[in-house]
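No hydrogens, no waters, no symmetry mates; every other heavy atom, side chains included, goes into these values. Quantities reported herein were computed from a predicted structural model and do not represent experimental measurements.
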Amino acid sequence: MMSKVLNALPVILLTLITLPISAQSEFYVAETGKDTGDGSLRNPLNSIPAALEKARTEKGDVVIYIREGKYILDKPVVFTPQDGNDSRQLSVKAYPGEKVILSSGIPLTLKWEPYKKGIMKAKIDGNPVMDMLVADGQLHHMARYPNFDEKAVRFNGTSAQATAPERVKKWKNPTGGYLHAMHNHDWGDFHYRITGKNKKGELDMEGGWQNNRQSGLHPDNRMVENIFEELDAPGEWYYAVGEHTLYYYPLEGENVSKVLFESPQLKHLIEFRGTEATPVKNITLESLELTQTLRTFMEPYEQLLRSDWTVYRGAAVFFEGTEHCALRNCYLHNLGGNAIFFSNYNRHSEVSGSHLTRIGASAICFVGDPDAVRSPSFEYGEFVPYEQLDHTKGPKSNNYPAQCLVYDNLIHSIGLFEKQITGVELSMSQAITVSHNSIYDTPRAGINISEGTWVGHILEFNDIFDTVKETGDHGSFNSWGRDRYWHPSYKTMESIVAKDPALILADAVRTTVIRNNRFRCDRGWDIDLDDGSSNYHIYNNLCLNGGIKLREGFYRVVENNIMVNNSFHPHVWFINSGDVFTRNIVMTEYKPIGVREWGLMVDYNIFTDSLSCATARKNNTDEHSIVTSVQFSNPSEGDFTVADDSEAITKGGFHNFVMDQFGVVSPRLKAIAHTPKMPTPIIIATHADDEVINWSGATIKSLQTLGERSATGMDSERGVYVVSVNALGGKLRDYIRPNDVILKIGTTTVNNLKEMQDALQKIDKSKDIEFIIFRTQKENKIVIPGKLLD
């Protein structure tokens with residue numbers, strides 16, 4: 001043994017000699033530090049910029065440790081190529097075991113005195129920005145109408161009366177107020193700043209640029225805020241700019257003199273500022289808490305090509321021109337706009353191990369430069385004439401994010417102020433890996449791909465649910481593909497792709513892979529590939545409620561997925577689309593819309609009822625598909641594997657995939673992450689007219705089985721079980737959810753489907769009807785307009 005060690009020594013010594021020896025310098029920042037400090041542990045500096053100045057004089061790698069404390073920033077911390085480059089790595093991190101907070105929220109020194117009707121008031125020195133108010137770490141809402149209701153579907157409460165003339169007349173001076181309204185078709189939202197009102201009581205406003213589909217405001221789903229006369233509920237506040245006075249309606253039992261009130265002052269906390277020619281490299285931010293930035297819905301917005309979106313190019317943490325930079329194990333919360341934004345050129349940079357919650361807009365965005373796009377169009381109805389199109393494949397430049405990573409992040413409770421947002425946004429980017437993230441409680445999609453420039457993304461092992469909570473007509477995953485070949489006229493588009501099929505993949509040059517994810521959308525599709533989305537491979541996904549939709553587009557392979565209590569939704573397919581749908585487990589009939597030709601192959605699937613398969617075969621699909629009863633291992637606990645000897649495997653060719661690796665992986669995030677509600681698989685006997693019916697877009701049946709009781713939490717087999725709710729145009733989607741149990745209509749108890757049908761015949765549909773529904777382990781009172789119950 002000794003001889004072997006001695007013989008190896010020359011090799012070991014040679015290796016040590018040839019390895020570069022990295023000298024690492026350390027600097028320290030503390031609240032008690034001084035600008036005159038040397039940055040040592042005993043004599044720390046007092047700010048990150050001061051530490052960066054010291055670090056720039058070092059030749060080797062540098063670590064900046066920040067000691068425990070709350071650091072109020074008066075301007076963003078900016079990293080440049082001086083701080084991180086090929087010759088050095090820079091780490092900025094919390095000192096081990098200590099809590100470090102970076103915030104732009106300034107503490108307000110307030111001397112409270114009573115105003116009237118329980119409202120308190122206090123003078124504020126100086127001229128701070130007063131757009132958000134944080135009280136002891138909790139966001140409080142401006143004076144608003146209607147009042148805040150955490151159970152309301154949109155904006156925590158909306159009303160057609162928000163801008164009614166009779167209400168506007170009551171406002172002495174609404175200048176500085178805001179109107180927030182949903183898109184007329186629920187495709188997002190609009191925001192306006194009120195600049196005054198005329199003699200007729202009509203509002204003067206500016207705004208409305210936050211949505212790329214200008215189809216008007218929803219007449220009912222509106223909310224106004226920052227109006228003094230609407231200060232009438234606990235927790236509300238109003239700042240009178242001219243008086244330098246804050247008015248606040250205390251919460252019940254709240255002693256305002258003991259509350260720390262803060263107001264954010266910055267849109268960004270941290271910025272990486274480089275370019276492709278001189279990028280910022282090799283910088284890691286770690287274990288930091290980032291909080292309190294301004295709302296940005298009235299900032300200038302950019303159109304994301306022909307997607308439905310516009311976006312503010314900014315965030316609490318802003319990356320531009322980076323390589324190998326990272327944000328790791330951080331906590332981002334109480335932010336007014338986007339949390340993290342990768343703009344233009346970024347390569348091999350990442351966000352990992354982080355917790356993002358209470359975010360005003362999107363959590364993580366990747367958005368490239370429109371000037372890198374060939375023949376771009378910027379609105380749904382816009383197009384470049386075919387004769388003028390640039391036919392060269394791919395981008396014009398490298399000014400876009402690529403080869404970046406979003407891994408092991410917990411993202412939830414986002415879109416507080418903006419609704420056209422997402423957990424991870426991918427636009428004009430390529431080869432972004434989004435892996436092992438838990439994303440839930442969002443007003444819109446959990447992940448969104450805006451177009452096919454230039455794709456090649458990998459979305460895997462994510463857990464995405466409780467999505468599309470305030471909008472409509474999309475899914476937990478949502479995409480568009482309105483690329484160069486796409487045209488707002490279907491016939492024109494059809495002629496373009498017929499004569500020039502190579503144009504289809506001129507932008508979508510790489511295949512996007514969606515695999516091994518778990519999706520659940522109760523107000524939409526689990527996976528929604530909309531208008532023209534092309535070049536996708538979708539496999540090994542567990543879809544718990546909404547099924548899979550493919551609209552228009554080309555070259556999508558969908559295989560080996562499970563669609564619990566739902567099915568396949570092909571919409572408006574092209575001739576020669578090249579689409580493949582095979583070896584999937586489907587549990588209801590396909591739901592085609594405008595399909596003339598069924599792609600390259602729709603066959604070899606596994607149906608759980610014979611009628612659904614027979615219907616498919618009438619459309620000349622699924623000649624070799626099978627019908628079998630699929631038994632899942634333990635669906636109530638999320639295990640939807642099937643037995644090895646099941647016909648789904650032995651005859652249908654289905655392959656089991658892992659069921660216990662969805663979502664975040666780090667122990668600290670797994671300990672706090674939620675998981676989706678598991679549905680009970682229902683084999684719907686569509687041949688029995690009295691067992692399952694469609695009721696105003698909801699599929700319902702009598703609660704009959706132990707499994708259904710387990711799924712809903714009911715203690716007996718009574719009531720009417722809601723199996724699913726139609727995502728597209730379902731009248732009841734704002735009121736009824738899958739897994740609800742309807743127990744009473746008005747004063748009439750309903751124990752089964754027949755009793756419910758009888759009760760519906762007797763109600764007065766000109767009035768609002770009260771329902772008692774069992775949901776989340778308790779009885780809930782739901783009021784539904786009678787006109788929706790026809």
Side-chain angles (χ1 to χ4, degrees), residues 72 74-75 104-135 138-148 155 162-181 191-208 222-251 254 256-257 259-267 292-300 336-337 360 417:
I72 310 301
D74 59 2
K75 59 183 177 181
S104 81
I106 58 171
L108 302 174
T109 303
L110 303 169
K111 294 182 179 180
W112 292 103
E113 60 182 78
Y115 173 58
K116 59 183 179 182
K117 296 183 178 180
I119 297 170
M120 305 295 288
K121 69 176 184 177
K123 289 286 185 180
I124 291 183
D125 295 331
N127 293 289
V129 179
M130 292 295 296
D131 186 62
M132 283 172 55
L133 188 68
V134 181
Q138 300 298 313
L139 287 174
H140 282 239
H141 43 273
M142 289 176 166
R144 52 170 284 167
Y145 179 83
N147 287 333
F148 185 92
F155 289 120
T163 53
E166 57 269 23
R167 180 163 294 276
V168 173
K169 288 178 182 178
K170 298 177 182 178
W171 303 338
K172 182 179 179 180
N173 182 15
T175 301
Y178 297 102
L179 167 64
H180 308 278
H191 306 269
Y192 293 84
R193 181 186 289 113
I194 300 171
T195 58
K197 67 176 182 177
N198 60 29
K199 294 180 180 179
K200 297 180 181 179
E202 299 167 332
L203 292 174
D204 297 320
M205 298 185 295
E206 61 180 5
R222 302 180 176 204
M223 181 268 283
V224 290
E225 65 171 354
N226 206 32
I227 306 292
F228 185 55
E229 287 81 1
E230 303 299 346
L231 182 58
D232 59 359
E236 289 187 347
W237 63 277
Y238 176 82
Y239 179 62
V241 179
E243 302 173 19
H244 296 270
T245 300
L246 175 64
Y247 294 86
Y248 178 67
Y249 197 133
L251 299 170
E254 185 177 38
V256 293
S257 64
V259 175
L260 172 61
F261 289 91
E262 300 168 285
S263 181
Q265 302 298 296
L266 301 176
K267 292 175 286 188
Q292 294 198 42
T293 56
L294 290 168
R295 302 190 299 179
T296 55
F297 56 76
M298 291 305 298
E299 293 296 317
F417 310 118

Drop me the distance from [X]'s [atom1] to [Y]'s [atom2], to the nearest 0.5 angstrom.
| X | Y | atom1 | atom2 | value |
| --- | --- | --- | --- | --- |
| Gln292 | Leu139 | CD | CG | 7.5 Å |
| Tyr192 | Asp204 | OH | CG | 13.5 Å |
| Leu231 | Lys116 | CG | NZ | 10.5 Å |
| Met223 | Asn147 | CE | CG | 11.0 Å |
| Tyr249 | Ile119 | OH | CD1 | 7.0 Å |
| Ile106 | Asp74 | CD1 | CG | 10.5 Å |

Taking C-beta and beyond as the side chain, do [X] and [Y] meet within less than 4.5 Å on heavy atoms?
| X | Y | answer |
| --- | --- | --- |
| Lys123 | Lys111 | no |
| Leu294 | Gln265 | no |
| Ile227 | Ile194 | yes |
| Met130 | Leu246 | yes |
| Ser263 | Met132 | no |
| Phe261 | Trp237 | no |
| His191 | Met298 | yes |
| Leu266 | Thr293 | no |

For this session: Name the orientation class of the two ring planes belonging to Phe297 and Tyr178 (parallel below 30°, tilted from 30 to 60°, perpendicular beyond 60°).
Result: perpendicular
For this session: If the plane angle is over 60° it's perpendicular, under 30° parallel, otherwise tilted; pick one for Phe228 and Tyr115.
Result: tilted
Can you see which heavy atom on [X] is nearest to which on [Y], and at what distance?
| X | Y | result |
| --- | --- | --- |
| Ala122 | Trp112 | CB-CE3, 3.7 Å |
| Pro234 | Pro250 | CB-O, 3.6 Å |
| Tyr238 | Ala143 | CB-CB, 4.5 Å |

For this session: Show your reasoning for whether side-chain contact (heavy atoms from CB on, under 4.5 Å) applies to Glu262 and Leu108.
Result: CA-CA 6 Å; Glu262 300 168 285; Leu108 302 174; 5.8 Å; no
So, using ring-ring contact (aromatic ring centres under 6.0 Å, His included) as the criterion, who are the partners of [X] when residues are at least two apart?
| X | result |
| --- | --- |
| His140 | Tyr248 |
| Tyr239 | none |
| Phe417 | none |
| Tyr145 | none |

Problem set entry | Candidate pair Ile124 and Thr245, rule side-chain contact (heavy atoms from CB on, under 4.5 Å), full reasoning | CA-CA 6 Å; Ile124 291 183; Thr245 300; over 6 Å; no
Exercise. Partners of Glu206 by salt bridge (charged side-chain N to carboxylate O under 4.0 Å, His left out), sequence neighbours excluded?
Worked result: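 Salt bridge (charged side-chain N to carboxylate O under 4.0 Å, His left out) check on Glu206 returns Arg193.
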For this session: For Asn226 and Met142, indicate whether the former's side chain and the latter's backbone hold a donor-acceptor pair under 3.5 Å.
Result: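 Looks like no, no N/O pair under 3.5 Å.
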Exercise. So, the side chain of Lys197 versus the backbone of Trp171: is there a donor-acceptor pair under 3.5 Å, distance only?
Worked result: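 Present.
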For this session: For residues 227-247, pull every pair meeting salt bridge (charged side-chain N to carboxylate O under 4.0 Å, His left out), keeping only residues two or more places apart or in separate chains.
Result: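 Residue pairs passing salt bridge (charged side-chain N to carboxylate O under 4.0 Å, His left out), neighbours aside: Arg167-Glu230.
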Exercise. When you look at NZ of Lys267, are more than 12 heavy atoms from neighbouring residues, nucleotides or ligands closer to it than 6.0 Å?
Worked result: no
